[in-house]
Amino acid sequence: MDVKVFSDKQEKLARYAKALGHPVRVYVLELLGKQSCCYSGDLSEELPIAKSTLSQHLKELKDAGLIQGEIEAPRVKYCINKANWEEASELFKALMKD
C-alpha cells in the first residue's frame with residue numbers, strides 16, 4: 001500500500017530547485033531570460049565549459065521543464081518555458097512566504 005507523503009506542489013518545487021542547484025544552470029536561465037531565445041551553440045561560446053557538460057546542464061533544465069528546445073538542424077534552439085517558469089516562481093514565493 002503506497003501512501004503519498006508529498007504534495008504535487010512539493011514534488012514540483014523540489015524538481016525546480018534541483019534544476020537550479022548549479023551555477024551554470026542559473027547562468028543559462030538568466031541568459032535565456034534576457035533574450036527571446038538562444039541557441040546552444042551561442043551558450044557554449046558564453047561559458048568556459050565543454051559542450052558535453054553544457055549539454056548535461058541543458059538536459060537537466062529541460063527535464064525539469066524550465067527550458068524547452070526545438071531542433072533546427074544542425075542546432076537546437078533553447079528558450080525559457082514561460083508557463084513552468086511562472087509556476088516555479090509562484091511555488092518559490094509561496095515557500096518563502098510561509
Rounded to the nearest 0.5 Å, how far apart are [atom1] of [X] and [atom2] of [Y]?
{"X": "Lys59", "Y": "Arg25", "atom1": "NZ", "atom2": "CZ", "result": "11.0 Å"}
{"X": "Leu29", "Y": "Leu20", "atom1": "CG", "atom2": "CG", "result": "6.0 Å"}
{"X": "Lys77", "Y": "Leu32", "atom1": "NZ", "atom2": "CG", "result": "12.0 Å"}
{"X": "Leu95", "Y": "Lys9", "atom1": "CG", "atom2": "NZ", "result": "12.0 Å"}
{"X": "Leu13", "Y": "Asp8", "atom1": "CG", "atom2": "CG", "result": "12.5 Å"}
{"X": "Ile49", "Y": "His57", "atom1": "CD1", "atom2": "NE2", "result": "5.0 Å"}

Side chains of [X] and [Y]: does their closest heavy-atom pair fall under 4.5 Å?
{"X": "Glu11", "Y": "Lys4", "value": "yes"}
{"X": "Leu43", "Y": "Leu58", "value": "yes"}
{"X": "Lys93", "Y": "Ser89", "value": "yes"}

Heavy-atom closest pair, residues [X] and [Y]:
{"X": "Ala19", "Y": "Leu61", "value": "O-CD2, 3.8 Å"}
{"X": "Gln68", "Y": "Asn81", "value": "OE1-ND2, 3.5 Å"}
{"X": "Leu66", "Y": "Ala88", "value": "CD2-CB, 4.1 Å"}

